[in-house]
Number of protein chains: 2
Amino acid sequence: MSSTADKILDVAQSLIVAGGYNAFSYADISDAIGIRKASIHHHFPTKAELVAVLVDRYRQQAELGLKALQEQFASPADQLQSYLNFWQTCIRDASLPFCVCAMLAGEMPMLPAEVASRVQAYFHMLARWLAAVLQAGAEQRLFRLDERPEDEAQMLMASVHGAMLSARAFNDPDLFVTIVNAQIAKLLVEDR
Amino acid sequence: MSSTADKILDVAQSLIVAGGYNAFSYADISDAIGIRKASIHHHFPTKAELVAVLVDRYRQQAELGLKALQEQFASPADQLQSYLNFWQTCIRDASLPFCVCAMLAGEMPMLPAEVASRVQAYFHMLARWLAAVLQAGAEQRLFRLDERPEDEAQMLMASVHGAMLSARAFNDPDLFVTIVNAQIAKLLVEDR
DNA sequence: TATGATCGACCTACTAGTAGGAAGGCACAG
DNA sequence: CTGTGCCTTCCTACTAGTAGGTCGATCATA
């Protein structure tokens with residue numbers, strides 16, 4: 001039993017994931033959930049505001065999910081792997097075949113300011129989380145880091161987002177798995 | 001002295017790089033080069049056709065540039081580094097701050113078929129080139145590959161495109177350099 | 001005199017956003 | 001218990017502007 005506002009955000013999110021900020025309209029949402037355009041404007045006066053709220057929600061959900069991962073798994077290696085498993089599952093079953101913020105990051109130069117700043121906030125949050133996990137893993141001798149944890153985190157994040165792009169370009173969900181698994185293999189100490 | 005058609009493609013390319021397929025219109029091009037909308041339709045009847053030609057041109061230019069790199073530098077390590085230097089320069093001076101096809105790859109599900117297939121062709125071409133360079137480098141003991149050359153090529157390509165995304169998200173061109181340099185460092189044998 | 005390039009004028013469909021009102025729920029005064 | 005007023009939600013109907021695209025005329029040049 002989700003509210004109308006939530007339904008609007010859900011549909012908008014799947015449309016953004018499919019084609020970005022400029023690839024959806026209020027009419028699209030209207031058609032998808034059987035509500036008039038004007039009603040959407042009642043909940044979200046402008047498109048920029050709608051997407052800003054959407055990205056905020058997305059970041060909060062991600063933050064909660066990542067924190068839950070840290071509590072569920074003791075080992076940083078398992079925490080990292082289950083983060084990647086999440087995306088592998090999403091991409092394979094096409095439920096959320098792309099990161100909303102990765103999508104929007106490409107459009108940064110043309111995004112409304114209130115959206116762009118929130119996309120940046122997501123990237124900061126994810127980079128922080130990855131760096132913390134990598135650092136903890138390095139201290140436990142689970143990972144061998146060639147660079148500072150923050151830089152290794154940036155590399156990993158770039159790999160994940162780049163792999164999403166490649167999976168789309170080649171229309172091959174398994175390619176995402178291949179790329180990110182090979183990437184973490186380079187971090188694990190038992191290798192080499 | 002470039003033809004009108006070339007000027008149209010140049011402007012369209014910079015607009016796509018800024019915001020993707022849906023973020024530019026014939027009117028934008030019209031304003032930018034001082035020609036009427038109808039005249040653009042004379043050269044490129046439809047938007048899909050315009051972008052298809054644009055991506056073809058982009059791939060051909062890239063193919064030529066990469067081949068030139070292989071002739072200019074004997075060492076695969078230098079070939080690879082100068083490919084990355086190209087993007088580092090582009091991103092730092094903001095001349096071509098994003099790969100056209102990486103941009104379009106994100107929009108694949110909503111792209112006209114004739115555009116999508118050409119984006120895929122670019123990805124295939126680049127993956128082939130990178131795999132060849134990596135394999136040659138491995139045979140000369142310049143690189144140590146943990147995976148098959150094709151898979152290492154995919155990882156590298158994902159890193160490059162993901163790093164572009166991150167540089168945009170953080171509004172920090174240097175981040176691109178940090179990520180891709182750290183990534184090739186993992187390939188070079190003198191490390192570790 | 002044919003050809004390619006450009007143009008103004010136009011078209012239909014769609015864009016984000018607005019105005020104003022109808023229906024329902026809820027609180028409170030009588 | 002009823003009436004009144006308010007608030008939220010959703011609606012129809014509308015706006016100005018933009019989207020991609022068409023048509024026929026004009027103009028230069030070969």
Side-chain angles (χ1 to χ4, degrees), chain A residues 1-55 57 100 103-104 107 109-116 118, chain B residues 1-57 100 103-104 107 109-116 118-119:
Chain A
M1 187 85 174
S2 63
S3 73
T4 303
D6 280 331
K7 273 191 262 181
I8 292 169
L9 292 177
D10 291 343
V11 171
Q13 180 165 311
S14 71
L15 290 169
I16 287 177
V17 164
Y21 185 86
N22 293 294
F24 84 98
S25 72
Y26 274 42
D28 294 329
I29 301 175
S30 169
D31 292 344
I33 63 177
I35 196 178
R36 297 294 117 184
K37 252 182 1 131
S39 307
I40 305 173
H41 279 285
H42 167 73
H43 294 280
F44 305 100
T46 68
K47 188 178 180 179
E49 194 166 318
L50 192 161
V51 178
V53 171
L54 186 156
V55 175
R57 185 185 75 154
V100 173
M103 195 72 214
L104 294 173
E107 305 178 281
M110 300 203 122
L111 249 32
E114 65 257 54
V115 177
R118 284 166 170 87
Chain B
M1 188 85 174
S2 63
S3 73
T4 302
D6 281 333
K7 273 192 261 182
I8 292 170
L9 292 176
D10 291 342
V11 171
Q13 181 164 310
S14 70
L15 290 169
I16 288 176
V17 164
Y21 185 85
N22 293 294
F24 84 98
S25 71
Y26 273 42
D28 294 329
I29 302 175
S30 169
D31 291 344
I33 63 176
I35 196 177
R36 298 295 116 184
K37 265 196 327 155
S39 306
I40 305 174
H41 279 286
H42 168 71
H43 294 280
F44 305 100
T46 68
K47 188 179 180 178
E49 193 167 319
L50 191 161
V51 178
V53 171
L54 186 155
V55 175
D56 262 340
R57 186 185 73 154
V100 172
M103 194 73 216
L104 294 173
E107 306 178 283
M110 302 204 120
L111 248 31
E114 65 257 56
V115 176
R118 284 166 169 87
V119 170

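Below, chains carry the letters A, B, ... as their sequence lines are ordered, and counting in each starts from 1.
No donor-acceptor distance shorter than 3.5 angstrom exists from the side chain of A:Lys37 to the backbone of A:Ser25, with no hydrogens or angles considered. Here the side chain of B:Glu107 pairs no donor or acceptor atom with the backbone of B:Gly20 at under 3.5 angstrom. For A:Tyr26 (side chain) and A:Ser39 (main-chain N/O), no donor-acceptor pair under 3.5 Å exists by modelled atom type.
Close to D:dC10, at under 4.0 Å from its OP1 or OP2, lies a side-chain N or O of A:His43. The phosphate of D:dC10 (OP1 or OP2) has no side-chain N or O of A:His42 nearer than 4.0 angstrom. Distances shorter than 4.0 Å separate some side-chain N or O of B:Thr4 from OP1 or OP2 on C:dT6. Side-chain N/O atoms of A:Arg36 include none lying less than 4.0 angstrom from OP1 or OP2 on D:dC10. Residue B:Ser25 places at least one side-chain N or O under 4.0 Å from the OP1 or OP2 atom of D:dA19. Checking the phosphate oxygens (OP1, OP2) of C:dA5, no side-chain nitrogen or oxygen of B:Ser39 falls inside 4.0 Å.
At whole-Å resolution of the value, NZ in B:Lys7 and C1' in C:dT6 are 13 Å apart. Rounded to whole angstrom, the span from the CG atom of B:Asn22 across to the P atom of C:dA16 amounts to 11 Å. Computed from coordinates, the B:Ile29 CD1 to D:dG21 P distance equals 11 Å when rounded to whole Å. If you take CG of A:Asp28 and C1' of D:dA19, they are 14 Å apart, rounded to a whole angstrom. With rounding to whole Å, A:Tyr21 atom OH is found 14 Å from C:dT15 atom P. Rounding to whole angstrom units, CD1 of residue B:Ile35 and P of D:dT26 are separated by 20 Å. In this entry the distance linking OH of B:Tyr26 with P of C:dT12 reads 21 Å, nearest Å. If you measure from atom NE2 of B:His41 to atom P of D:dG24, you get 16 Å, rounded to the nearest angstrom.
A donor-acceptor contact under 3.5 angstrom links the side-chain atoms of A:Lys37 to the base of C:dG17.
Among the nucleotides D:dA19, D:dT22, C:dA16, the one closest to the side chain of B:Ala38 is D:dT22.
In this structure, A:Leu9 CG and A:His43 NE2 are separated by 10.0 Å, a value rounded to the nearest 0.5 Å. If you take CD1 on A:Ile35 and CD1 on A:Ile29, they are separated by 10.0 Å, rounding to the nearest 0.5 Å.
Within 4.0 Å (heavy atoms only), B:Phe44 reaches no atom of the nucleic acid at all.
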